[in-house]
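Below, chains carry the letters A, B, ... as their sequence lines are ordered, and counting in each starts from 1.
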Amino acid sequence: MRYSQAFIHTLFEAPKEAETPSHIFLLRGSYVYPLAAGLYSLLPLGHRAAEKIKRIVREELDAIGGLEVTMPVVNPAEIWKKTGRYFNIGDELIRFKDRREREFVLAMTHEEVVTDMAKQFVRSYRDLPVMLYQIQTKIRDEARPRAGLLRVREFQMKDAYSFHHDFEDLDAYYPKIFNAYLRIFARCGLNATPIEADSGIMGGSGSHEFMLESASGEDDFVICPACGYSANTEKAVGIKPERLPCEDVGAAPAMEKVGTPSVKTIAALMEFFGCSGENFIKTVAYVADGKLVLAVVRGDFNISATKLANYLKAVNLDYAPEKTLFEMGLNAGFLSPFAIDGVRTVFDSSLTGSALYIAGANELDMHLKNVLPGRDFELKETADISEVREGDRCSACGGADLQIRRGIELGHTFKLGTKYTARDSMDVTFLDGSGEPNRVVMGCYGIGVERLLASVIEKWHDEGGMQFPVTIAPYQIILSQLGNQPEVVAMAERLYLKLGLAWEVLYDDRSESAGVKLKDADLIGIPVRVVISRKLEKTGDVEIKIRQTGEVIICPESEFEEKLGVIFKKLEPSTASLPYMAEGA
RNA sequence: CGGGGCGUAGCGCAGCCUGGUAGCGCACCUGCCUUGGGAGCAGGGGGCCGUAGGUUCAAAUCCUAUCGCCCCGACCA
């Protein structure tokens, strides 16, 4: 492709809305063009890179027996009502009516549609297992799109669904998809860290997220440097350091009311009482599926809304509005852990009856000191509902302090189980060998294509621009002709033809100055640059520069194709020594 | 949805406070010239100043409303 014909329009300065590296370079490098918040067109360069990613995804999924399909984005609301997601998902799901007033949704994933297909065609154990996948547009009305392609409202997702005759078969299959994911990311030049993830209201028994560590990410995850345990902070469990027990709990002084005018937060209480967070009891009011619930943790912990929601099996969980509390005679900031009639109260396992605390008094501007859990109130319902903290001891090995990292979620795998095939959902069964009906068991697996593209840039860039891995670069070679003397042009044209036989070449044939051409080549991140100039033409040499390393090789024209072959082989990302999951026989 | 910021040419910005002509750099078009890190000279095209009302003889500028975009947080099957 000749640069002059390639619809590439690089920008010298980035539009001011761009802040993250991938966003800046995608815009400057003429890979994407914004249409509205969270809606982007992929320009020719971006489109080519995305197609490369999709090709890798297809190769890896086909290799484990995946079958590609295409499912509609417009779905009748009916199937979404059947699975309940029509009601459980908020405004993120776009709902609308057609001209005949029939209800539809724009699919944000395709569990309903694929399960509907399975219901039709999976009849016998002989039809299982089967894995169907597609690369299809997904629509999500995100509350806040951000960082260019990292979080958008319309994007392409590779979504895969596997169907099994029982949980054991799903368990046996799961490592294949897990390992295929590791290979996909590795081939795109990324080392993804698989972490244990929360399965949320999707339900199911096991789930992993594949994270790219990055400051531009929006998810925190926990890793143990000693044993390798890693998990989403929503799910991670650490060892909660015990408070030093009272010398004699039995002889502990009785509770005592203390006036604390307008002292509401733990931070303010710490200052007021002059002691650290672990001496307090924090009580927070939530509304879970319409019902008021109190969550109680030790003051030095935060409540994990995800853990609490999971424990309560709540679909919707939100902070209780102050108005609701007020109507019940409660005061935010002075809530107490003491049982209130008719209000469910859940205690975090950080609270034990071994030490005295300061707690809210359920009275405006009042707290209680010398509160002893177990003596002064009953720890009736205890669960792990607090968020893990940096430095908490690893609960898997007990040997090291957990670290919290920030990352981008590249992919997600779920063991769904029978959430969608259950009788009260889509109701999908098959006949086993003895003619008995059995419930189909599912898994689902997603990768966002554009987010993966942006993530590669987050990982691979420098001040000058992008540094694509050879596997997904829109072109493998950029041929830059510096100077327009006839001999130089002739040599460039000759090389363009020759290189085009083996590689995808972008030939910069513009009459721009040398500086412009070299800067643009760096910006758009083509992995290998070949330069022809008057100086080189005279000696019959060509120059090869590797974008990622900056390495420059000058060699005679007669040798350079062979050299390039070696270089490309070396630049191919390796899929060896990834943290593969053991696959059964 | 809460907090903050910004809307003037494709991009980056000035002008607004103190009302009266819309400007600069880059990009784009023509010609000459130039080609190893965002050259040079000459000429040229392009903006109802986000939108709608209001004040005024007169509004990019003052007032009101509204829309859009970005950032932080909440949310995220």
NA contact type, E218(A), heavy-atom cut-off 4.0 Å: base, sugar-phosphate, or nothing?
nothing
Mark yes or no for whether D462(A), through its side chain, and G465(A), through its backbone, hold a donor-acceptor pair below 3.5 Å.
yes
Side chain of R153(A), backbone of A37(A): donor and acceptor closer than 3.5 Å?
yes
Please answer whether the main-chain N or O of D424(A) pairs with a side-chain N or O of D427(A) as donor and acceptor at a distance below 3.5 Å.
no
Would you kindly give the CG-to-P distance between D219(A) and A74(B), to the nearest whole Å?
11 Å
Does the structure show a Watson-Crick or G-U wobble partner for G7(B), both distances under 3.5 Å? Name it, or say none.
C67(B)
In terms of side-chain heavy atoms of F12(A), which of C26(B), A39(B), G36(B) is nearest?
C26(B)
Check RNA chain B against residues 514-528 of chain A and give the residues with a non-hydrogen atom under 4.0 Å, in numerical order.
A514(A), G515(A), V516(A), L518(A), K519(A), D520(A), D522(A)
Between G36(B) atom C1' and L479(A) atom CG, what is the distance in whole Å?
15 Å
Complement of G47(B), any strand, by Watson-Crick or G-U distances under 3.5 angstrom
none
Are K97(A) and E103(A) within salt-bridge range, i.e. N to O under 4.0 Å?
no
Could you write out each protein N or O paired with an N or O of nucleotides 29-33 of chain B at a distance under 3.5 Å?
none

Main chain of R510(A), side chain of D508(A): is a donor-acceptor contact present, judged purely on distance under 3.5 Å?
yes
If you find the nucleotide of RNA chain B closest to E142(A) and the one closest to L536(A), which residue's nucleotide is nearer the 5' end?
L536(A)
Is a side-chain donor or acceptor of E543(A) paired with a backbone partner of K545(A) at a separation under 3.5 angstrom?
no
Could you tell me how far apart N302(A) (CG) and A74(B) (P) are, to the nearest whole angstrom?
11 Å
Euclidean distance for C1', C63(B) against C17(B) (whole angstrom)
15 Å
Look at all strands and tell whether K138(A) reaches a base, only sugar-phosphate, or nothing, counting heavy atoms closer than 4.0 Å.
nothing
In Watson-Crick or G-U wobble terms, with both distances under 3.5 Å, the base opposite A42(B) is U30(B)
Length of the CD-P vector between E13(A) and C28(B), whole Å
14 Å
Enter the distance from D509(A):CG to M1(A):CE here, rounded to the nearest 0.5 Å.
10.5 Å
C13(B) versus C6(B) - spacing of their C1' atoms, nearest Å:
13 Å
If I take atom CD in residue E537(A) and atom P in nucleotide U35(B), what distance separates them, rounded to the nearest angstrom?
14 Å
Minimum-distance nucleotide to L482(A) side chain [options: G37(B), U34(B), G36(B)]:
G36(B)
Check R406(A) against G217(A) and note the closest heavy-atom contact, atom names and distance.
NH1-O, 3.1 Å
Is a donor-acceptor contact shorter than 3.5 angstrom present between the side chain of E512(A) and the base of G38(B)?
no
Residues passing the salt bridge (charged side-chain N to carboxylate O under 4.0 Å, His left out) test with K138(A), sequence neighbours excluded, are D159(A)
Within 45 degrees of the axis of the six-membered ring of F155(A) and under 6.0 Å from its centre: does R451(A) put its NZ or CZ there?
no
Please confirm whether the backbone N or O of H110(A) pairs with a side-chain atom of Y161(A), one donor and one acceptor, at under 3.5 Å?
yes
Angle class for the Y174(A)/F178(A) ring planes (parallel below 30°, perpendicular above 60°, tilted otherwise)?
tilted
So which of residues 39-49 of chain A are in contact with RNA chain B, with a heavy-atom cut-off of under 4.0 Å?
none
How far, in whole Å, is G31(B) from G45(B) if one measures between their C1' atoms?
16 Å
Given the C1' atoms of A60(B) and G15(B), what is the spacing between them in whole Å?
8 Å
Polar-atom pairs under 3.5 Å, protein N or O versus N or O of nucleotides 1-10 of chain B: list them with distances, or write none.
none

S425(A) side chain to T421(A) main-chain N or O, any donor-acceptor pair under 3.5 Å?
no
When rounded to the nearest Å, what value does the distance between P atoms of G40(B) and A59(B) take?
41 Å
Within the structure, does a side-chain N or O atom of R146(A) lie under 4.0 Å from either OP1 or OP2 of C72(B)?
yes
Integer angstrom distance from the P of A22(B) to that of C29(B)
27 Å
Work out how far the P atom of C33(B) is from that of C71(B), and round it to whole angstrom.
47 Å
Can you check the H9(A) NE2 to C11(B) P distance for me, whole Å?
14 Å
Looking at CG of L170(A) and OG1 of T418(A), how far apart are the two atoms once the value is rounded to the nearest 0.5 Å?
10.5 Å
Counting Watson-Crick and G-U wobble pairs only, both distances under 3.5 Å, name the nucleotide matched with G2(B), or none.
C72(B)
Atom NE2 of H412(A) and atom CD of E409(A): how far apart are they, to the nearest 0.5 Å?
5.5 Å
Report the distance from atom CG of D508(A) to atom P of G36(B), rounded to the nearest whole Å.
14 Å
Take A14(A) and R529(A), find for each the nucleotide of RNA chain B with the closest heavy atom, and name the residue whose nucleotide sits nearer the 5' end.
A14(A)
Quick one: D91(A) CG to A74(B) C1', roughly how many Å, whole number?
14 Å
Which is true for V488(A) with a 4.0 Å heavy-atom rule: it touches a base, it touches only sugar-phosphate, or it touches nothing?
nothing
Give a yes or no answer on whether the side chain of K158(A) reaches the backbone of Q134(A) with a donor-acceptor pair at less than 3.5 Å.
no
Ignoring hydrogens and angles, does a donor from either the side chain of S533(A) or the base of G36(B) sit under 3.5 Å from an acceptor on the other?
yes
Base-pairing assignment for C24(B) (Watson-Crick or G-U wobble, both under 3.5 Å)
G12(B)
Between Y181(A) and P194(A) (side chain of the first, backbone of the second, donor and acceptor by atom type, cut-off under 3.5 Å), is there such a pair?
no
Ring centres under 6.0 angstrom apart (Y173(A), H164(A))
yes
Using the C1' atoms only, state how far U8(B) lies from G68(B), rounded to an integer number of Å.
15 Å
Do N232(A) and E209(A) pass the side-chain hydrogen bond (donor to acceptor under 3.5 Å, both in side chains) test, and can you show the C-alpha distance, the side-chain angles, and the key distance before you say yes or no?
CA-CA 8 Å; N232(A) 194 303; E209(A) 286 170 353; 2.7 Å; yes
Name the pairs: protein N/O against N/O of nucleotides 66-69 of chain B, kept only if under 3.5 Å.
unit_1, atom_1, unit_2, atom_2, d
C69(B), OP1, A37(A), N, 2.9

